[in-house]
Each structure stands twice: as structure tokens, then as C-alpha cells.
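The structure appears right after this line, and notes come after that.
Chain letters run A, B, ... following the sequence lines, proteins first, then strands; residues in each count from 1.
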2 protein chains.
Amino acid sequence: MQLLKHLNQFAASGVCTHSSGNHAGALALAAKERGVKCFVVMPSNSSQVKVDAVKSYGAEITFCEPNAPARATTLQNVQARTGATFIPPYDAVNTILGQGTAFLELVNQAPEPLAAVITPVGGGGLLAGTALAADGTGVRVFGAEPAGADDCAQGLKEGKRRENVDANTIADGLRTPVGALNFPIIQQKVERVIVVSDEEIIEAMRLLWERLKLVVEPSSATAFAAARSPAFQELGVKGPIGIILSGGNIDLSKPLPWHVA
Amino acid sequence: MQLLKHLNQFAASGVCTHSSGNHAGALALAAKERGVKCFVVMPSNSSQVKVDAVKSYGAEITFCEPNAPARATTLQNVQARTGATFIPPYDAVNTILGQGTAFLELVNQAPEPLAAVITPVGGGGLLAGTALAADGTGVRVFGAEPAGADDCAQGLKEGKRRENVDANTIADGLRTPVGALNFPIIQQKVERVIVVSDEEIIEAMRLLWERLKLVVEPSSATAFAAARSPAFQELGVKGPIGIILSGGNIDLSKPLPWHVA
């Protein structure tokens, strides 16, 4: 909602971002609803279903080599050509605040007060935003990170943000290192980041599909896997636990994770 | 809800049914919530995931050969042994009225008045119940049936219920012939039953998974496929169309329909 409100000021020249996932889709949809042009830089190896989704929301896609320098250069070129304003996927105040509104919606819709909330952490926008939104409410805030990209949990232990991560996890939305703005907020406001294995993520994902009938991607299932983990269960949280499922951006043309394993 | 209300009177000896699908799961769950014993007769070739779901709701399962006479005999034996009351999956007044409450929930939750509603039709409990619930509301009622089990649509054309169907469709919940009680209600109260192909069902199912992020089974997707069909589009219904998605009872251990095709 925060994002939508701010989009109006960009009506003239449009907005742009780099993302191969949910941020690209969300920005494209939000821009379309406000009649704002949207330009997205996506890696050339993005899955067709994600490309199709972004296109269907009317955004213009520029492909780049799948690495950070190519992404930055391509984005600069797009900005120079279009004058569009960059809306970062996680490492920016308004993005963090906007992502925190998911927690407000959750609290408003939950039938009883929450004891805790768990969100996945990749770049850390959703987790930092949730922590800020929950600040002072008494709701305990936890992050969930895959073992194959646990830079945030490691950084918290070491008291210093890890700027890079050698990611190896099925949770493709969480392969990013946690952002510079996001990390200190998480340090101060998040009780703990719980690390789970890809096996736990796949099991949690399948359970969400089978019982809640929800198509969620591995990154979303990471938060549910954390809730089911011994590390979290040992904390003995009493009362309802909110879990923010961040997306269902999955390529259904491919075999499901449990078909492959 | 109708079902739950009536379950209380069966507390002593329990309830029973025959079903390999959603009715078995729904009855088992409803019985569990009321502390009523539940006995389910399932064909021996039922998928493990359906068996597990019914078991997890605490029902006792008796397996039978996968044919109608074996099913009837086994159910009689279960009833003789337990004294449980038979709750038919579709061909009974209370079942029909109970299934009609889905329409009431839909109307209550819809943000604006519906112009039409579409439900799948197998045994016809959901469609007949919906038609009765919608009677007098001005909402137009349609059924959706797979071409490989279109006994209801054919019966409507012929003015006489077909008692058997040589079913060949992916929509496993709709392979039953329409019930004797259900058919005349559908004849009087349903505007039309729209027939769709398995290809249209699979396409609709995939779209629901990809865009609504809902795990629905082919039988559910049949109603959405009907809404997308030329036959329905030609009717020029103006306004919101309600679609009742009747279940997500799918064996996720197997490849998805579009992986197979």
C-alpha cells in the first residue's frame, strides 16, 4: 500500500527495478493499476513463467547477463534512456515500510492476537518491515532462512553483516545477501533467525500444498518450515503464530521438488 | 453446516458412508469435530493420499473391491456391525441441502451481487443444492460436466436421467452418474449444464494454480473451464460470476496433469 501511494509521483517517467521474482511482478502490477510505466531488468536465465507474469502486467523487460555487474549496468542504461525511478527490491526505506504492511494486514485479519510472527529472509525487506510494524505490539518476530543461504543468521552471530552469500538452496527468492539498511533493523528488532534445511523446506511446502491447498514457492515454505523446526518448538511460544507466505512464483511446467528428490 | 447440525443425533452409533473422495474426508472431519464415530468404505484402489487424509481425521476405513455391488455389500456389513447411520454422498435431501450452503457462504462473502454461479456436476448434490439455495435470488445457475462423463447434460437433452455412465475423464470426482433425487431438481432449477473437454479442464486447472495459487483438483477446475468456454461466453452473462471450487483432493506424489499430457 505504501508502494502504491508513492507510485503516483512517478507517473511521468515511470519506475524501474531489477528482480527475477515477486518484486518485479508486484511492481509491474502496482504500476499498471496506477497507469505508471514500468521497466524491469531480468536475468536472461529467468524462467518463462516469471517473464510471462511480468509481461502480462504490462511492464517492459530488458534482459541482462545473470550476474550483479551486468544487472547494475543494464539498470543504469534503462534509467538513462527512460528517466524512470529505481524502486529497490529490499534495500530502501519505503520498500521496507511497504513490505511491513503485510504484517498489518495479517494482524487485522487474524481472529485472535498473535504471539509471534515468522517471515522468510533473503534481502531482508519483509523481515525488517515486519519487525518495524510489530515493534511495540508484543508480537515476537522471527526470521526463517535456508541453510544454503544463511548469511543473515551467520551475520547476526558474528555481529556484522555478511555482504556476500554463496547460495545453494531451492529457495530461489532467498539467495540474496541481506541488505545494508535491513541488517541493523533485523539486529535490533528480530528475536532470532531460524535456519532450516532444503529437505525441511520441501516437506513444509508439500504440507502447505496438500492441506492448505496453497501453491507457495520454496521461499514462502521456509517460514513454515521454521515454525515446524525443533529450534522454534523449543522456544515454547504460547498462542497463535502468524506466518507470512511471501509468494507462489513457481514454474509449474517443471516437476515439483518432491518429484525430483 | 447442515451436515454438522444433523450429526449430533448420530453420536451414539456413529455415521458411515462410501466415497473415495471429498465426501469421505468432509464427513470424517465433521464427525471428528462433533465427537461422532465415522466409518468409511473406500475402494481398494484409492490413492494413498486420500486414504491418509480420511485416516488423519480419525475415521475407520473398510476397503472393498472397486465396483458398485462390492461397495453396497461392504457398506451393509459395516452398518450391521456398527449400527452407524448412512450419510449418502449426494443422493439424499440433507446432503443436497448441506452442499447448498456453499452457495450461501459465497453470496455472503462476495463483494458484489452475483449474476451467475457455476458448479461441477457428478452425483449432482452440489449443483442441486446450489440451485435450491439460489432459487428466487435472481442468480442464474449453471452446471459444468466433463465430456467424458456427461450423463447429466445428455439426460437433460433426452428429458430422462441416464442411470449409468461409462466415465472416461480426468475429473475423478465427476465420474458418478447423477442421482435420482438430484436430477429432477437440476431439470427444474438449473439453466444449463455446460460440457467441457479434459483439455479445457487441465488448462483451467493450471490457470487456477498459476494465478490464484490454489491447489484444486480437475473436478473443481471443470466449473472454471465451463466459465471460460465459448458455450458459456456466448450467453453474454453480465456481472460477476461465482464459481464453486469443490475440492483440492489431488495426489501430489504423482506428476501433474500437464506433465503427463
Taking atom CG of B/Asp52 as the centre, report whether more than 12 heavy atoms of other residues, nucleotides or ligands fall under 6.0 Å from it.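 More than 12 within 6.0 Å, yes.
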
Residue part contacting chain A, namely of B/Ser253, when any heavy atom lies under 4.5 Å: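 Contact with chain A involves both backbone and side-chain atoms of B/Ser253.
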
Atom NE2 of A/His259 and atom NE2 of B/His259: how far apart are they, to the nearest 0.5 Å?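 Output value for this atom pair is 8.0 Å.
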
Residues of residues 232-252 of chain B contacting chain A, heavy-atom criterion under 4.5 Å, by residue number: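 So the qualifying residues are B/Gly248, B/Asn249, B/Leu252.
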
Members of residues 204-220 of chain A whose heavy atoms come closer than 4.5 Å to chain B: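 The residues closer than 4.5 Å to chain B, in numerical order, are A/Arg206, A/Trp209, A/Glu210, A/Arg211, A/Lys213, A/Leu214, A/Val215.
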
Salt bridge (charged side-chain N to carboxylate O under 4.0 Å, His left out) with A/Asp198: which residues, sequence neighbours excluded?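 None.
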
Restricting to side chain to side chain contact (heavy atoms under 4.5 Å, CB included), what partner residues turn up for A/Asn108, sequence neighbours left out?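 Side chain to side chain contact (heavy atoms under 4.5 Å, CB included) list for A/Asn108, sorted by chain: empty.
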
